[in-house]
Number of protein chains: 2
Amino acid sequence: MPGDHKPKTANGKIVRSTKQRQAILDILTKQQSHLSAEEIYQAVKITQPRISLGTVYRNLEILTELGSIYRNSFADGKARYESATIGHHHHLVCINCQDIENLTACPMAQDIGNLAQSHDFEPLEHYFEVYGYCGKCRRKD
Amino acid sequence: MPGDHKPKTANGKIVRSTKQRQAILDILTKQQSHLSAEEIYQAVKITQPRISLGTVYRNLEILTELGSIYRNSFADGKARYESATIGHHHHLVCINCQDIENLTACPMAQDIGNLAQSHDFEPLEHYFEVYGYCGKCRRKD
DNA sequence: TTTTTTATCAGTAATCATTCCTATTAACGC
DNA sequence: GCGTTAATAGGAATGATTACTGATAAAAAA
């Protein structure tokens, strides 16, 4: 069937629209912050009290695959998710208050993007995170 | 006591020289690769058969704190360690064969390093990882 | 050297994030 | 509405890492 525009995952299954999935996407779209699976689970439970943590994880995986959200794994080994409506960016992570600020500047847009040629490497995704102290925490010290 | 050069951790405890710790550092120095805690555990067991996985984790933490090794957490959520003798660098990770190549070019050395001023942020550490296909795997496809 | 101190150890239990499993439920096409 | 099957709830299982405890062995003191 040409002209078939139904969303599908990598395994070819049609992606249905469910209340649970929509609720997860709503949370990430409205809050525009970097939430862990557990935080999303707690937030979604307000409107979907019977949702399970497994459902949250499965939907985060599907939404990431569809490109609707970004998945980031930080130094603490925990994955955090955010809406993809904001566009590609990187992160400034405060090691004191854990606040995460977005950084629109991207290393790949600079000369470093040429590394592909010199290293015979085909880049698909990249992550750039800076850890340090945000302005608020610097002034508290 | 001024001139006290005994290595100490952040909590002020003196760091002793033990066979177990030395063996872990030896592995990372000689192999010059990016090993997980489990891989290090298996390698160290050859010379220290009675070592425990807990000891490996504790020493990796101490050695990281002392600056003798680097700790990196990749997208799979698993931490990998490498000797610090090689100096600061970043990573090209092949999503097919999992091979990790080092990249000496650093975004912070470029204009992006100026983000500190514009974002009122004091950078201490940073990570830059590129995921894609290495030369070998590209030619296999 | 002997004794004392205490950082480190082995072994194991506990924790945390995440994935897997199974019977049941509910989107969506017809 | 009916049938197909993706998605769900609930919970068990996994894997990486951390925490606990009594024993051990470096370094310091005597």
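Below, read A as the first sequence line, B as the second, and so on, with proteins coming before strands; counting in each chain starts at 1. Keep in mind that the numbers below use all heavy atoms, side chains included, and drop hydrogens, waters and symmetry copies. Only a predicted model underlies this, so the values are computations on that prediction, with no experimental measurement involved.
Rounded to whole Å, atom P of dT8(C) lies 15 Å from atom NZ of Lys19(B). Remark: C1' of dT24(D) and CD1 of Ile51(B) are 14 Å apart, rounded to the nearest angstrom. Summarising the geometry, the separation between CG on Leu53(A) and C1' on dC16(C) is reported as 11 Å, rounded to the nearest angstrom. The distance from atom CZ of Arg21(B) to atom P of dA10(C) is 11 Å, rounded to the nearest whole Å. The separation between Phe74(A) atom CZ and dA17(C) atom P is 15 Å, rounded to whole Å. Rounding to whole angstrom units, CG of residue Asn72(A) and P of dA17(C) are separated by 17 Å. For the pair Ile40(A) CD1 and dT18(C) C1', the interatomic distance rounds to 13 Å; values are reported in whole Å. Counting to the nearest Å, the C1' atom of dA17(C) and the CZ atom of Arg80(A) are 12 Å from each other.
A 4.5 Å side-chain heavy-atom check between His126(B) and Cys106(B) finds at least one atom pair inside the cut-off. A 4.5 Å side-chain heavy-atom check between His91(A) and Glu82(A) finds at least one atom pair inside the cut-off. You'll find the side chain of Arg138(A) stays beyond 4.5 Å of the side chain of Asn96(A), heavy atoms only.
Thr85(B) and Gln32(B) share a donor-acceptor pair across their side chains, judged by distance under 3.5 Å alone. In this structure, a donor-acceptor pair under 3.5 Å is absent between the side chains of Asn72(B) and Arg80(B).
For dA9(D), neither phosphate oxygen OP1 nor OP2 lies less than 4.0 angstrom from any side-chain nitrogen or oxygen of Gln48(A). Phosphate proximity of dA10(C) to Thr55(B): present, with a side-chain N or O under 4.0 Å from OP1 or OP2. Contact annotation: Thr18(B) side-chain N/O to dC9(C) OP1/OP2 distance is under 4.0 Å. Note on Ser52(A): every side-chain N or O is 4.0 Å or more away from OP1 and OP2 of dT8(D).
The residue among Ala37(A) and Ser17(A) whose nearest nucleotide of DNA chain C lies closer to the 5′ end is Ala37(A). Along DNA chain D, the nucleotide nearest to Arg16(A) and the one nearest to Glu38(B) differ in position, and the one closer to the 5' end is contacted by Arg16(A).
If you check dT18(D), dT8(C), dA17(C) against the side chain of Tyr57(B), the one that comes closest is dT18(D). Here dA10(C) is the nucleotide among dA10(C), dT18(C), dT8(C) with the atom lying nearest to any side-chain atom of Arg50(B).
Judged by atom type and distance alone, Arg58(B) does not reach the base of dT18(D) through any side-chain donor-acceptor pair under 3.5 Å.
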